[in-house]
*Asks:* 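Input: one structure, supplied below.
These numbers come from a predicted model, not from an experiment. Worth knowing before you read on, the calculation uses all heavy atoms, side chains too, and leaves out hydrogens, waters and symmetry mates.
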Amino acid sequence: MKTCLGIELGSTRIKAIAIDEGFKPVSSGDYTWASRYENGIWTYPLDEVWTGLKTALSQVNDRDAIAAAGVSAMMHGYLAFDQDWNLLTPFRTWQNTNTGPAAAELTERFGFNIPQRWSIAHLYQAILNGEAHVSQIAHLTTLAGYVHYKLTGVHAVGVGEASGMFPIDSGTLDYNKRMVEQFNAFISPLELPWKLEELLPKVLTAGADAGVLTEEGAALLDGLLPAGTPFAPAEGDAGTGMTATNAVAPRTGNVSAGTSIFSMVVLERPLEKVYPEIDLVTTPTGAPVAMVHCNNCTNDTNAWVEVLGEAVRLFGANPEAGELYTKLYEKSMEGEVDCGGVLVCNYLAGEGVTHMDAGRPLVARTPETRFTLANFFRAQLYSTMATLKIGMDILAAEQVAIDSLTGHGGLFLTPVVGQSYLAAACNAPVTCMETAGDGGPYGMALLAAYRLNRGPEERLEDYLAQKVFAGTTGATIRPDPAVVEGFNAYIRRFQALLEVERTAVPVL
């Protein structure tokens, strides 16, 4: 039995999943890691990439049966290398919100929203800062692009991943030529020894030949994968999430919810205006997508679960982590639809959608608030998607049509709860499939299978609909009008709480 392997370097875990010829997961492995805040920058040490990859791969069974593979990772960020691929400055992840001046200037110059997370914002901010390494850059890429290059020797990324580095022209399926020329023109007085197009990875669409595992790449993995294994184009977690949820066709969308939360809605037409809250990226085949990306999702909730678990253990109980999460999630369903006045701001990091450069988690209530465990934990879960709702409400006002949303990621591991809250937040049906908890590596495995097995001229959306997900049904929850009204009431108070958050950041 031949299998296809999907690798994802996520925010908290490096994961590997093998799927069989029927597209079912048959084996997996993982490695836990965490970003570090060093010298004012959120980063990961690149040495740990290889430790994590080898640990995750060592847990995958029958690796000799793997017929194709692909690498995915958290999108955006900044990895700059010299001519010999020596790292010039520590990896700057998507969590960093120190590129505000660059992002704002580029947005104005291009007439196209450039979020702070994007690679081009990091590059231009380094230029504005006068950082010495800028003149030495020969290669610029993302985490997925770096790993793909080290394994295959190919400096390229999938178009969805590329769209988080620099704006993509969906007509040419390449970087927007006009904007590349604009960028080169306005930095020309600096007389840097490179042009932007010389630094960026080549853009590939889903299904393209992205190289094979080289002998050097196999050695980096201690021989856990055989040299010669074909690789799909490297993608970001947004593209793999779309693939894993069969949401690459117009009017479909998905929401990935874990350490961060983001929605992807495939557009039928361009948006009327430029919105700083909305990123314009692409599917793995280059179709335009509206993305609402929020830095903060479950981290604050996870911290509260740990604290509540400590309290439980004082009484001699020792529940498993999964049971504790399930009980608390289910308890939240007993809470009032507006959380009884309990408010939570879950910002551990800055938040581009609400224009915050840093975060301070808050719980707030008034003397009249009905402060119960159910209301408190419901507010915790509402807060994980409150910022996303602010962005999704912009798309609703633009009359962007959404026939279906699919949820995936850790927030949906407990059935019904997060799914029903998201349906209310977005006022749209939300479906979760069996693979809801591990969308990213599963989606990358599907892209590897598409790279290996697609027919001539077979589109990704047809491959997914007619082969992968044919006959597959998930659990769908439609928005409850009472919960929609309650969430709307909560969000009005949440937006008021953001004024407290703006004060808390400089004061605390």
Side-chain angles (χ1 to χ4, degrees), residues 255 257-258 261 294 296-312 315 317 319-348 354 361-390 392-393 405 407 409-430 432 436-437 475-498 500-501:
V255 173
I261 184 169
C294 310
N296 300 279
C297 186
T298 59
N299 273 347
D300 187 43
T301 302
N302 295 343
W304 277 103
V305 172
E306 286 290 328
V307 169
L308 294 170
E310 283 187 48
V312 169
F315 295 90
E320 293 184 356
E323 182 186 8
L324 190 57
Y325 274 93
T326 298
K327 292 291 187 185
L328 289 168
Y329 271 56
E330 291 174 346
K331 183 68 177 178
S332 76
M333 298 286 279
E334 300 173 17
E336 298 169 64
V337 292
D338 66 350
C339 305
V342 181
L343 291 171
V344 172
C345 180
N346 66 332
Y347 291 3
L348 279 163
T354 51
L362 299 174
V363 179
R365 59 193 175 101
T366 66
E368 296 80 24
T369 296
R370 293 169 293 283
F371 191 53
T372 65
L373 178 60
N375 279 339
F376 167 68
F377 211 79
R378 191 173 184 121
Q380 274 290 335
L381 295 178
Y382 275 20
S383 78
T384 64
M385 55 192 76
T387 306
L388 180 83
K389 176 175 171 57
I390 292 170
M392 291 296 284
D393 284 349
L405 282 175
L411 186 64
F412 304 107
L413 284 176
T414 300
V416 178
V417 184
Q419 189 179 356
S420 64
Y421 296 161
L422 182 65
C426 299
N427 200 19
V430 175
C432 286
T476 300
I477 292 180
R478 298 189 177 278
D480 181 327
V483 183
V484 171
E485 185 178 343
F487 210 125
N488 286 337
Y490 180 86
I491 207 70
R492 288 191 291 271
R493 298 190 192 108
F494 179 85
Q495 288 176 309
L497 181 66
L498 291 179
V500 180
E501 176 76 4

*Asks:* When rounded to the nearest 0.5 angstrom, what is the spacing between CE in Met385 and CE in Met392?
*Replies:*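 Answer rounded to 0.5 Å: 12.0 Å.
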
*Asks:* For Asn299, check side-chain hydrogen bond (donor to acceptor under 3.5 Å, both in side chains) against everything at least two apart and list the hits.
*Replies:* none

*Asks:* Using 0.5 Å steps for rounding, measure from the CZ atom of Phe494 to the CD1 atom of Ile390.
*Replies:*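 Interatomic distance, Phe494 CZ to Ile390 CD1, rounded to 0.5 Å: 5.5 Å.
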
*Asks:* Among Val344, Leu343, Asn296, exactly one meets side chain to side chain contact (heavy atoms under 4.5 Å, CB included) together with Ser383. Which residue is that?
*Replies:* Val344

*Asks:* When you look at Leu381 and Leu411, which way does the side-chain contact (heavy atoms from CB on, under 4.5 Å) test go after all the steps?
*Replies:* CA-CA 9 Å; Leu381 295 178; Leu411 186 64; 4.1 Å; yes

*Asks:* If you look only at pairs with a residue in residues 326-337, which of them pass as a salt bridge (Lys or Arg N to Asp or Glu O under 4.0 Å), with sequence neighbours excluded?
*Replies:* Lys331-Glu334, Glu336-Arg370

*Asks:* Report the distance from atom CZ of Phe377 to atom CE of Met333, rounding to the nearest 0.5 Å.
*Replies:*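 Phe377 atom CZ to Met333 atom CE measures 13.0 Å (nearest 0.5 Å).
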
*Asks:* I need the minimum non-hydrogen distance between Val430 and Gly407, along with the two atoms involved.
*Replies:* CG1-N, 4.1 Å

*Asks:* Let me confirm one number: the CG-CG distance from Leu422 to Leu388, rounded to the nearest 0.5 Å.
*Replies:* 7.0 Å

*Asks:* Which atom pair, heavy atoms only, marks the closest approach of Val342 to Ala379?
*Replies:*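 So the minimum-distance heavy-atom pair works out to O-CB, 3.7 Å.
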
*Asks:* May I ask you to decide if Cys297's main-chain N or O and Asn346's side chain share a donor-acceptor pair within less than 3.5 Å?
*Replies:*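 Pair found, side chain donor or acceptor close to backbone of Cys297.
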
*Asks:* With sequence neighbours left out, write down each residue that passes side-chain contact (heavy atoms from CB on, under 4.5 Å) with Pro415, or none if nothing qualifies.
*Replies:*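 Testing Pro415 for side-chain contact (heavy atoms from CB on, under 4.5 Å), a comparison that skips the adjacent residues, returns none.
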
*Asks:* Quick one, Phe487 with Tyr382, criterion ring-ring contact (aromatic ring centres under 6.0 Å, His included). Give me CA distance, side-chain angles, the key distance, then yes/no.
*Replies:* CA-CA 8 Å; Phe487 210 125; Tyr382 275 20; 4.2 Å; yes

*Asks:* So, taking the atom named CG in Leu497 and the one named CZ in Arg493, what distance separates them when rounded to the nearest 0.5 Å?
*Replies:*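 Answer for the CG-CZ pair, Leu497 versus Arg493, is 11.5 Å.
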
*Asks:* Arg492: what forms a side-chain hydrogen bond (donor to acceptor under 3.5 Å, both in side chains) with it, not counting sequence neighbours?
*Replies:* none

*Asks:* Under 4.5 Å between any side-chain heavy atoms of Thr354 and Gln495, yes or no?
*Replies:* no

*Asks:* Are any non-hydrogen side-chain atoms of Ser420 and Val483 less than 4.5 angstrom apart?
*Replies:*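 Of all side-chain heavy-atom pairs linking Val483 with Ser420, none is under 4.5 Å.
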
*Asks:* Spell out, as yes or no, whether a donor-acceptor pair under 3.5 Å connects the side chain of Tyr490 to the backbone of Val337.
*Replies:* no

*Asks:* So, for Gly335 and Ala374, which heavy atoms are closest and what is the spacing to 0.1 Å?
*Replies:* N-CB, 3.5 Å

*Asks:* Any idea which heavy atoms bring Leu324 and Gly309 closest together, and the distance?
*Replies:*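 Residues Leu324 and Gly309, closest heavy atoms: CD2-CA, 3.5 Å.
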
*Asks:* Check side-chain contact (heavy atoms from CB on, under 4.5 Å) between Glu501 and all other residues, then give those that pass, not counting sequence neighbours.
*Replies:*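 Per chain and number, Glu501 pairs via side-chain contact (heavy atoms from CB on, under 4.5 Å) with Cys345, Tyr347, Met356, Arg360, Leu362, Val505.
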
*Asks:* Can you tell me if Thr372 uses its side chain to pair, donor with acceptor, with the backbone of Asn375 under 3.5 Å?
*Replies:* yes

*Asks:* Specify the closest pair of heavy atoms between Ala257 and Phe412, including all atoms of both residues, with the distance to one decimal.
*Replies:*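 In terms of heavy atoms, the two residues are closest at CB-CE1, 3.8 Å.
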
*Asks:* Got a sec, which pairs hit side-chain hydrogen bond (donor to acceptor under 3.5 Å, both in side chains) with one end in residues 476-486, sequence neighbours left out?
*Replies:* Thr431-Thr476

*Asks:* Considering all heavy atoms of both residues, which atom of Phe376 and which atom of Val363 are nearest to each other, and what is their separation?
*Replies:* CE1-CG2, 4.0 Å

*Asks:* Look up atom OG1 in Thr301 and atom CG in Leu328, then write down how far apart they are to the nearest 0.5 Å.
*Replies:* 10.0 Å

*Asks:* For side-chain hydrogen bond (donor to acceptor under 3.5 Å, both in side chains), just list the numbers for Tyr421 and Ser332, CA-CA rounded to whole Å, side-chain angles, deciding distance to a tenth of an Å, and then say yes or no.
*Replies:* CA-CA 10 Å; Tyr421 296 161; Ser332 76; 2.8 Å; yes

*Asks:* Within the structure provided, determine whether Tyr325 and Asn302 are in side-chain contact (heavy-atom separation under 4.5 Å).
*Replies:* yes

